[in-house]
Visitor: 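Take a look at this one; I'll ask things after.
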Amino acid sequence: MPLPTAIGSAVSLSALNKSFDGRTVIADLDLEVAAGEFLAVLGPSGSGKTTIMRIIAGFETPDSGTVTIAGRDVTAVPAEKRSVNTVFQSYALFPHMSVLDNVGFGPRMRGMSKPDRDRKALELLELVRLGAEGARMPRELSGGMQQRVALARALANEPAVLLLDEPLGALDRTLREELQRELRRIHQSLGITFIYVTHDQEEAFGLADRLALMRNGRFEQIGEPGSVYDDPANAWVANFLGSTNSVTATLGHAGALDSTIGTLHAGHVDPRLHTGDRVVAIVRPEMTRIGRRIEGPAANTIDARLVDLVAIGPALRLKAITANGHAFESVASRAAAATDVGPGDDVSISFDPASVRVYADEAATSHPS
């Protein structure tokens, strides 16, 4: 049952600012969300994610800037007059109403006749695979089923934009993964715009067409999940998304790095950097090999001692420490990884220069000596 969607931009935020008690929460923020897009807003606690959602929904008013939904300036428009609905972590279902009546509540408030709203509610319950549960009460449903009812109820008002604020946070891992697949299916079926706030990186990567990474009220990077992971805009983004090995160094010529563990070579250096700058070199564990010592010269090979080796499902995680105490981690499939080493063995840490990305060292910039 496709719902009507806007053509072009569904949500536009321009020069948005918001403060609470003198503390800036959103700072000069811009965002464009295309109609039909699934955008995940990701960031640490306190970064401004939920405030952005509340501003779009109309629950908060920005101090300055504009909010446009489906081409209409709604900055001063109250929440109930915006074509936006929100699904929260708490299901907030009406306990005294049946599942069918919960889903039909919005159409009822808009004056839709009972036969029409029951038909609409049933269509939405079928969409979330609960078509046989309409007569039950919310207390009779599992947490995952209640969240599906909450989703159907939000969709019943045919919003141009659906906001989802940590909707799966209260569920166990298995159920979260199941509902992630359901959310993706529902989004593809309906084609309306979803904006999804989460702390869960795997959730964001599995669901979203694009990621918007927030820190301190600003977007650090917006892009497709794969490109943001493979080509982070800065060291903070790289470290926030997944695990990293990092080395502080001084930038030399042609991507050479002078560090306490020797000279390293990098294939990707932020073009804003200059020779002599203090930098941080980052390589992901999956691009790092820890194994028996490699004889002879090789780019980015460091002697170390293996201190930990753990099999986690299909993956093997290794940790090694250099003579001066610098730790590196490696992760590989158990089938592909060499297993002829154990804790206490002398090993080599190696990684291709092409896998190394170099950024400004924010610690050095923030705290000059």
Side-chain angles (χ1 to χ4, degrees), residues 44 201-202 229-270 273 276-369:
Q201 296 180 20
E202 289 186 15
Y229 185 83
D230 293 336
D231 190 16
N234 52 45
W236 181 86
V237 172
N239 286 317
F240 183 75
L241 290 179
S243 301
T244 58
N245 295 311
S246 60
V247 179
T248 55
T250 300
L251 182 61
H253 295 284
L257 306 169
D258 180 17
S259 78
T260 58
I261 56 174
T263 300
L264 302 175
H265 298 273
H268 301 273
V269 178
D270 188 323
L273 295 171
D277 284 351
R278 290 294 296 170
V279 298
V280 57
I282 289 174
V283 59
R284 299 221 180 259
E286 63 266 27
M287 305 302 291
T288 305
R289 179 187 178 277
I290 296 176
R292 289 291 180 190
R293 280 185 173 171
I294 301 171
E295 298 299 328
N300 297 335
T301 298
I302 307 152
D303 289 337
R305 178 159 294 177
L306 188 68
V307 295
D308 196 24
L309 184 153
V310 180
I312 304 176
L316 193 66
R317 288 188 169 272
L318 303 93
K319 181 177 181 179
I321 295 182
T322 66
N324 62 355
H326 201 100
F328 281 82
E329 292 189 354
S330 172
V331 60
S333 72
R334 292 173 65 184
T339 56
D340 60 342
V341 293
D345 287 350
D346 291 333
V347 294
S348 284
I349 303 164
S350 59
F351 42 90
D352 192 301
S355 67
V356 182
R357 309 191 97 78
V358 178
Y359 304 98
D361 182 359
E362 290 190 8
T365 303
S366 302
H367 305 286
S369 56

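Scope of the values below: all heavy atoms of this structure, side chains included, with no hydrogens, waters or symmetry mates.
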Visitor: If you take all heavy atoms of Arg284 and Pro232, which pair is closest and at what distance?
Guide: NH2-CG, 4.0 Å
Visitor: Does Glu362 use its side chain to pair, donor to acceptor, with the backbone of Ala235 at less than 3.5 Å?
Guide: no
Visitor: Quick one: closest heavy-atom pair of Ala238 and Tyr359, and the distance?
Guide: CB-CE1, 4.5 Å
Visitor: Hydrogens and angles aside, do Ser330 and Arg317 bring a side-chain donor and acceptor to less than 3.5 Å of each other?
Guide: no
Visitor: Testing the 3.5 Å rule here: is there a donor-acceptor pair between the side chains of Thr288 and Asn245?
Guide: yes
Visitor: Any side-chain to backbone donor/acceptor pair from Asp277 onto Val279? Under 3.5 Å, distance only.
Guide: no
Visitor: Could you measure the distance from the OG atom of Ser350 to the CG atom of Asp303? Nearest 0.5 Å is fine.
Guide: 11.0 Å
Visitor: List the steps and the verdict of side-chain contact (heavy atoms from CB on, under 4.5 Å) for Leu241 and Gln201.
Guide: CA-CA 7 Å; Leu241 290 179; Gln201 296 180 20; 3.9 Å; yes
Visitor: What do the steps show when you test Ile290 against Ser348 for side-chain contact (heavy atoms from CB on, under 4.5 Å), and what is the final call?
Guide: CA-CA 6 Å; Ile290 296 176; Ser348 284; over 6 Å; no
Visitor: Please name all residues satisfying side chain to side chain contact (heavy atoms under 4.5 Å, CB included) with Ala266, sequence neighbours left out, ordered by chain then number.
Guide: Leu257, Val269, Val356, Val358
Visitor: If you look at every heavy atom in Arg278 and Thr250, which pair is closest and at what distance?
Guide: NH1-OG1, 3.0 Å
Visitor: I'd like to check Asp308 versus Glu329 (side-chain heavy atoms, cut-off strictly below 4.5 Å). Are they in contact?
Guide: no
Visitor: Rounded to the nearest 0.5 Å, what separation is found between the NE2 atom of His265 and the CZ atom of Phe351?
Guide: 10.5 Å
Visitor: Could you walk me through whether Ile261 and Asn324 pass the side-chain contact (heavy atoms from CB on, under 4.5 Å) check?
Guide: CA-CA 8 Å; Ile261 56 174; Asn324 62 355; 3.5 Å; yes
Visitor: Val347 pairs by side-chain contact (heavy atoms from CB on, under 4.5 Å) with which of Leu306, Ile321, Leu318?
Guide: Leu306
Visitor: Considering all heavy atoms of both residues, which atom of Ala233 and which atom of Asp270 are nearest to each other, and what is their separation?
Guide: O-OD2, 4.3 Å
Visitor: With no hydrogens and no angle check, just 3.5 Å: does a side-chain donor-acceptor pair link Asn239 and Thr244?
Guide: yes
Visitor: So which atom in His326 and which in Val247 form the shortest heavy-atom distance, rounded to 0.1 Å?
Guide: NE2-CG2, 3.7 Å
Visitor: With rounding to the nearest 0.5 Å, note down the distance linking CZ in Arg289 to OG1 in Thr301.
Guide: 9.0 Å
Visitor: OG1 of Thr322 to CZ of Arg305: how many Å apart, nearest 0.5 Å?
Guide: 12.0 Å
Visitor: Give the minimum heavy-atom separation between Gly291 and Val341, together with the two atoms involved.
Guide: C-CG1, 4.3 Å
Visitor: Short question: side chain of Glu286, backbone of Ser243 - any donor-acceptor pair under 3.5 Å?
Guide: no
